[in-house]
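One structure is given here, and the rest of the page talks about it.
Throughout, protein chains are lettered first and strands after them, A, B, ... in sequence-line order, and every chain is numbered starting at 1. For the numbers below, each heavy atom of this structure counts, side chains included, while hydrogens, waters and symmetry mates do not.
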Amino acid sequence: MNIESGGFDIMVDDDATERLLRKYLTNRRSQSGELKRALSAGDFEFIKDLGHRLVGSGGAYGMPRLTEIGARLEEYASLRSATDLSAPLREYDAYVHNVRIVRRR
Amino acid sequence: MRISLLEDDLDQSEIVTLWLETAGHAVTHFGRTEDFLHGTMWESFDLHILDWMLGQSSSGLDMLKELRRQREDNTPVIFVTVKSQEHFIVTALDAGADDYIVKPLRRSELVARVNALGRRAGLLESTRGRLEFPPYTFDLERRQVRVADVAVPLTHREYELALFLFRRAGALVSRRHVLEEIWGLDQSKVYTRTVDTHVSRIRKKLKIHRRTGWTLTSVYQHGYRLEAVEERDPDPVQDG
């Protein structure tokens with residue numbers, strides 16, 4: 001069972017891992033809208049919590065980019081800095097909508 | 001090994017469970033500290049993996065302190081957290097953690113550390129060498145037990161059960177844990193009475209009693225505890 005990430009392609013070679021990664025990615029995509037709404041509403045706690053979770057889970061799912069973005073979301077949300085949050089939110093959105101799970105043949 | 005995982009993030013618990021189960025371990029996931037406290041009260045585990053920050057009123061560190069100080073439970077613990085600063089690591093290790101891994105977790109590293117702790121605790125299967133629990137000696141290659149150098153004939157299941165209990169000497173092990181490890185995960189057709197019968201047989205065949213320096217007791221509604229005692233007969237094999 002291996003996960004290998006290169007750019008926007010995450011290579012997997014077994015069914016169980018592929019299933020989990022697809023579920024994880026689907027959830028991250030749906031959270032993109034929640035993050036934007038939270039920023040508009042000034043709900044920094046939500047963004048901070050989600051950032052913290054991304055720090056822990058992104059790398060484990062072969063998406064270290066999400067770990068980096070999560071760290072910035074957590075930091076800027078702690079500072080309640082809406083201005084600083086806009087860049088990592090854009091990067092999050094772009095990443096989760098472009099990354100692909102690819103089954104190694 | 002039978003592993004408990006305390007992690008409130010379902011994404012993380014799912015991937016960690018997959019990694020560990022693929023590596024041959026059985027994982028029970030707890031999402032809340034209350035469930036962890038209850039589950040570990042009634043079930044036995046070979047290793048705990050605790051997340052520090054749980055977004056709840058109590059933390060993984062609180063659970064570690066509960067295990068070590070209140071319950072005097074020495075089951076190996078691996079702490080996992082995003083906290084990478086030295087003082088956090090020192091705090092967890094001082095509170096009784098056996099290892100500390102900074103998130104994000106990596107599969108190979110986690111499995112290697114779990115296995116290393118298992119080996120250190122003498123819990124991982126080895127098919128070579130001998131294990132000494134005087135006056136008992138387990139010859140792992142011949143799958144034979146000797147009591148004061150006299151071989152005792154045991155069935156395959158009895159040998160596995162005896163080895164399982166001696167490797168966890170001192171710990172309270174649940175019947176479910178025994179069933180999973182010795183009879184396999186599909187235990188629906190095995191009755192707890194079967195376990196009791198096998199425990200009774202190995203107690204008799206191996207002459208496990210105070211005079212041989214060991215006791216094997218049944219703990220009501222829980223399981224069994226094999227433990228060493230101070231008094232021992234100088235020639236246990238000759239004795240009844």
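Atom CD of B:Glu72 has 12 or fewer neighbouring heavy atoms from other residues, nucleotides or ligands inside a 6.0 Å radius. B:Arg106 CZ: 12 or fewer foreign heavy atoms inside a 6.0 Å radius. More than 12 heavy atoms of other residues, nucleotides or ligands sit less than 6.0 Å from atom CD of B:Glu109. Crowding of B:Arg130 atom CZ: a count of heavy atoms from other residues, nucleotides or ligands under 6.0 Å not exceeding 12. The environment of A:His97 atom NE2 is dense: over 12 non-hydrogen atoms of other residues, nucleotides or ligands sit within 6.0 angstrom. With a 6.0 Å radius and a threshold of 12 heavy atoms from other residues, nucleotides or ligands, A:Glu45 has its CD atom at or below the threshold.
The contact between A:Asn27 and chain B is made entirely by side chain atoms (from C-beta outward), counting heavy-atom distances below 4.5 Å. For A:Arg19, no part lies near chain B; criterion is any non-hydrogen pair under 4.5 Å. Neither the backbone nor the side chain of B:Asp51 comes within contact range of chain A; no heavy atoms are under 4.5 Å apart.
With values rounded to the nearest 0.5 angstrom, B:Leu18 atom CG is found 6.5 Å from A:Asp14 atom CG. Residue A:Leu20 holds its CG atom at 9.0 Å from CG of B:Asp11, rounded to the nearest 0.5 Å. A distance of 5.5 Å separates CG of B:Asp9 from OG of A:Ser57, quoted to the nearest 0.5 Å. The distance from the CG atom of A:Leu54 to the NZ atom of B:Lys103 is 12.0 Å, given to the nearest 0.5 Å. To the nearest 0.5 Å, atom OH of residue A:Tyr24 and atom CD of residue B:Glu14 are 11.5 Å apart.
The greatest number of non-hydrogen atom pairs below 4.5 Å with chain B, out of A:Lys23, A:Arg53, A:His52, is found for A:Arg53.
The two residues B:Pro104 and A:Ala60 come nearest to each other via the heavy atoms CB-N, 3.8 Å.
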